[in-house]
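To start, the structure under review is shown below, and the notes come after it.
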Amino acid sequence: MPEEGLVDIKFRLYDGSDIGPFRYSATSTVDMLKQRVVSDWPKGKTIVPKAVSEVKLISSGKILENDKTVGQCKVPFGDASGGAIIMHVVVQPSLAKTKTEKKVDDSPRKIVCSCSIL
């Protein structure tokens, strides 16, 4: 049985494996949870977050905001009834790093027509 004000949270990864459970206080922020996920990420996974900003935590179908605390997010957590809360982890690499488009030359061009009219 968790102590008053503490919540057990497990993080479910894309392949169904888990990180945790870990015990957090109601004042822990979602950002703190994400830092734990990144630091404890299992070795050998094909998808690996390189930064906290690449991680999204989802609970009860809602994406959790970084500045919210565990206590403020209790509504999405629902009733844990003594068990660990499971949060789903989504890794979303930043677009700046994954963008591989070639630069398109949008400069105006002069069109020369050498048509002859009879």
Beyond-backbone contact of Leu57 with Phe11, side-chain heavy atoms, under 4.5 angstrom = yes
For Ser39, check side-chain hydrogen bond (donor to acceptor under 3.5 Å, both in side chains) against everything at least two apart and list the hits.
-> none
What one should report as the nearest heavy-atom pair of Val52 and Asp31 is CG1-OD1, 3.5 Å
Mind checking side-chain hydrogen bond (donor to acceptor under 3.5 Å, both in side chains) for Gln92 and listing every partner two or more places apart, or none if nothing turns up?
-> none
Taking all non-hydrogen atoms of both residues into account, name the closest pair between Asn66 and Lys34 and its distance.
-> OD1-NZ, 2.6 Å
Quick one: list whatever passes side chain to side chain contact (heavy atoms under 4.5 Å, CB included) with Ser53, sequence neighbours left out.
-> Ala51
Apart from Ile58 itself, its cluster of hydrophobic side chains linked below 4.5 Å comprises Ile63, Val90
From CD1 (Ile9) to CG (Asp18), nearest 0.5 Å = 13.0 Å
Same cluster (ILVMFWY, side-chain, under 4.5 Å), Val7 and Phe22 = yes
Indicate, with yes or no, if Ile86 and Leu13 share a hydrophobic cluster defined by side-chain heavy-atom contacts under 4.5 Å among Ile, Leu, Val, Met, Phe, Trp and Tyr.
-> no
Rounded to the nearest 0.5 Å, what's the gap from OG1 on Thr29 to CD on Gln35? Could you check?
-> 7.0 Å
Here the pair of heavy atoms bringing Leu33 nearest to Val70 is CD1-CG2, 4.2 Å
Residues in salt bridge (Lys or Arg N to Asp or Glu O under 4.0 Å) contact with Lys45, at least two apart in sequence or another chain = Asp15
Which atom pair, heavy atoms only, marks the closest approach of Gly20 to Lys10?
-> C-CG, 3.9 Å
Looking at Ser59 and Ile85, what are the two nearest heavy atoms and their distance?
-> OG-CG2, 4.4 Å
All salt bridge (Lys or Arg N to Asp or Glu O under 4.0 Å) counterparts of Asp40, not counting sequence neighbours = Arg36
Shared hydrophobic cluster, Val91 / Met32 (ILVMFWY, side-chain heavy atoms < 4.5 Å) = no
Hey, does Met87 have a side-chain heavy atom less than 4.5 Å from the side chain of Leu64?
-> yes
Write down the atom of Val55, the atom of Pro49, and the distance for their closest heavy-atom approach.
-> CG2-CB, 3.7 Å
Could you check if a side-chain atom of Val48 sits within less than 4.5 angstrom of a side-chain atom of Trp41, using non-hydrogen atoms only?
-> yes
